[in-house]
2 protein chains.
Amino acid sequence: MQGNSSLEFIIATIAIIFLFIGIYINKQKETSKKVTESTIANEKVNYTKIEALGLSKREYEVLCKLAQGHTNKEIASLLFISESTIKTHVSKVYSKLDVKRRTQAIQKAKELEILPIS
Amino acid sequence: MQGNSSLEFIIATIAIIFLFIGIYINKQKETSKKVTESTIANEKVNYTKIEALGLSKREYEVLCKLAQGHTNKEIASLLFISESTIKTHVSKVYSKLDVKRRTQAIQKAKELEILPIS
DNA sequence: ATCAAATTGGTACTTTCGTATGAGTAGTAG
DNA sequence: CTACTACTCATACGAAAGTACCAATTTGAT
């Protein structure tokens, strides 16, 4: 029975090895899937969609600050321009995103995945 | 050599079987993880975090509507109560989330994953 | 039953937001 | 040069949001 038990041992070992190989293969798939998703979501798709919406650079900058929870006055300070100008930009952003309020703009921007980090 | 090749065949079969078992196990993990995450993210963890924050049911309801882009007046209509009450709730939500404005409340709530769907 | 928390509502006031309108400047494509 | 777009800024006005304070009612737990 010695030969048999060593054979069983070999088979068991192979089984375990391939079991882990199977698990490993799936882990790899998961990882690559995640990286791809996050990469696309925050770099490439963005600019395409932003341009498609007709948002200018400045308008997009304002939108980002807005989505970070800043007031118009704060955004003005951050971008070194007047609050009037911010209001102008914000209004244009609203019409381009087809919304009425900043809370809706944030929602829409997140849906469109045009905001950094997310 | 017939015995050997049949042995190899058995080993190979076992290897393949366990390979797929490994893959299958991981699929299951993935699935249950997603279900758990989504379930937790939208039902259970919520309540835990929500309670930890000290948010009452009503305050949480208001927060959700707020995050959907509604005005105070709209939320009042949706919940069949006065705008005064909404303001009261909103203010309490702010202090509990440690924010000053609704845009920040939305941000914070998303970070804390206490909002449905997301 | 009692006490605490939750819910509701109001008044009054300040701040922020949003729109409308007009206008000057800079850069760019034709 | 001209036309167009993006960017800037201002004033004025109304709408929403936010704060402070107070108070009545309801609900839940002990």
Side-chain angles (χ1 to χ4, degrees), chain A residues 46-112 114-116, chain B residues 46-112 114-116:
Chain A
N46 282 16
Y47 263 115
T48 309
K49 288 190 183 176
I50 291 165
E51 283 175 21
L53 290 165
L55 288 176
S56 72
K57 289 175 196 169
R58 211 52 164 165
E59 286 162 358
Y60 178 66
E61 283 182 288
V62 171
L63 173 58
C64 291
K65 300 297 179 190
L66 183 154
Q68 283 165 20
H70 294 293
T71 63
N72 289 338
K73 194 173 290 184
E74 286 171 351
I75 300 173
S77 297
L78 291 169
L79 301 184
F80 305 105
I81 57 182
S82 82
E83 196 185 339
S84 297
T85 309
I86 300 300
K87 286 187 180 183
T88 305
H89 288 318
V90 170
S91 283
K92 286 186 181 176
V93 168
Y94 292 169
S95 66
K96 289 176 184 179
L97 290 186
D98 191 33
V99 297
K100 290 289 177 189
R101 292 177 285 280
R102 55 180 54 210
T103 49
Q104 293 180 334
I106 294 173
Q107 252 211 162
K108 197 72 168 269
K110 296 220 172 188
E111 278 174 23
L112 297 170
I114 56 178
L115 294 179
Chain B
N46 282 15
Y47 264 117
T48 309
K49 287 189 184 177
I50 291 166
E51 282 175 21
L53 291 164
L55 287 177
S56 71
K57 288 177 198 169
R58 212 51 165 168
E59 285 163 357
Y60 177 65
E61 283 182 288
V62 171
L63 173 58
C64 291
K65 300 297 180 191
L66 184 154
Q68 284 166 20
H70 294 293
T71 63
N72 289 338
K73 195 174 291 184
E74 287 171 351
I75 300 172
S77 297
L78 291 169
L79 301 183
F80 306 103
I81 55 182
S82 81
E83 196 185 340
S84 296
T85 308
I86 300 301
K87 286 188 178 185
T88 304
H89 288 319
V90 169
S91 282
K92 286 187 181 177
V93 168
Y94 292 168
S95 68
K96 289 176 182 178
L97 290 186
D98 191 33
V99 298
K100 291 287 179 190
R101 290 178 284 281
R102 54 180 52 209
T103 49
Q104 293 179 335
I106 295 173
Q107 253 211 163
K108 196 70 168 269
K110 296 219 172 187
E111 279 173 23
L112 297 171
I114 56 178
L115 294 179

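Every chain is numbered from 1, with letters handed out A, B, ... down the list of sequences. If you're wondering where the values come from, they're calculated on a predicted model, not measured in any experiment. What you see below is based on every heavy atom in this structure, not just the backbone, and it leaves out hydrogens, waters and symmetry mates.
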Query raised in the report: Under 4.0 Å between a side-chain N/O of Arg102(A) and OP1 or OP2 of dC17(C), yes or no?
Result: yes
Report task. Rounded off to whole Å, could you give me the CD-to-P distance for the Glu83(A) and dT11(D) pair? Result -> 12 Å
Query raised in the report: Across the strands shown, which category fits Ser56(A) at heavy-atom distances under 4.0 angstrom: base, sugar-phosphate, nothing?
Result: sugar-phosphate
Report summary line: Closest non-hydrogen atoms of Leu115(B) and Ala67(B), given as atom of the first, atom of the second and distance, are CD1-CB, 3.7 Å
Query raised in the report: Sub-3.5 Å donor-acceptor pair from the side chain of Tyr94(A) to the main-chain atoms of Gln104(A), do we have one?
Result: no
Requested in this report: Compare side-chain N and O positions of His89(B) against OP1 and OP2 of dA6(C) and report whether any pair is under 4.0 Å apart.
Outcome: no
Report task. Test side chain to side chain contact (heavy atoms under 4.5 Å, CB included) on Leu63(B) and Leu97(B) and set out the steps. Result -> CA-CA 10 Å; Leu63(B) 173 58; Leu97(B) 290 186; 4.2 Å; yes
Query raised in the report: Any side-chain N or O of Arg58(B) less than 4.0 Å from the OP1 or OP2 oxygen of dT8(C)?
Result: yes
Query - Interatomic distance, Asn72(B) CG vs dT15(C) C1' [rounded to whole Å] - result: 14 Å
Query raised in the report: Phosphate oxygens OP1/OP2 of dT19(D): is one of them under 4.0 Å from a side-chain N or O of Lys87(B)?
Result: no
Query raised in the report: Within this structure, what is the CD-to-C1' distance between Glu51(B) and dA5(C), rounded to whole angstrom?
Result: 14 Å
Query raised in the report: How would you label the contact of Thr71(B) with the nucleic acid (heavy atoms, under 4.0 Å): base, sugar-phosphate, or nothing?
Result: sugar-phosphate
Requested in this report: Please determine which of Lys87(A), His89(A), Arg102(A), Lys65(A) meets the side-chain hydrogen bond (donor to acceptor under 3.5 Å, both in side chains) test together with Asn72(A).
Outcome: Arg102(A)
Query raised in the report: What is the nucleic acid contact for Ser91(A), judged by heavy atoms within less than 4.0 Å: base, sugar-phosphate only, or nothing?
Result: base
**Report entry** Interatomic distance where CD1 belongs to Ile86(B) and C1' belongs to dA6(C) [whole Å]
**Finding:** 14 Å
Query raised in the report: Between atom OH in Tyr94(A) and atom C1' in dA15(D), what is the gap in whole Å?
Result: 13 Å
Query raised in the report: Looking only at side chains, do Thr88(A) and Thr85(A) share a donor and an acceptor under 3.5 Å apart?
Result: no
Report task. With the side chain of Ile81(A) defined as its heavy atoms from C-beta on, choose the nearest nucleotide among dG18(D), dC9(D), dT8(C). Result -> dC9(D)
Requested in this report: Taking only the side-chain nitrogens and oxygens of Ser82(B), find out if one of them lies under 4.0 Å from OP1 or OP2 of dG10(C).
Outcome: yes
Query raised in the report: In whole angstroms, how far is the C1' atom of dG18(D) from the CD atom of Gln104(B)?
Result: 13 Å
**Report entry** Length of the NZ-P vector between Lys96(A) and dT5(D), whole Å
**Finding:** 11 Å
Report task. Could you check Thr103(B) against Lys57(B) and say which one's nearest nucleotide on DNA chain D is further toward the 5' end? Result -> Thr103(B)
Requested in this report: Provide, to the nearest angstrom, the distance between the CG atom belonging to Leu55(B) and the C1' atom belonging to dA6(C).
Outcome: 13 Å
Query raised in the report: Under 4.0 Å between a side-chain N/O of Lys73(A) and OP1 or OP2 of dT16(C), yes or no?
Result: yes
Requested in this report: Take Ser84(A) and Val99(B), find for each the nucleotide of DNA chain D with the closest heavy atom, and name the residue whose nucleotide sits nearer the 5' end.
Outcome: Ser84(A)
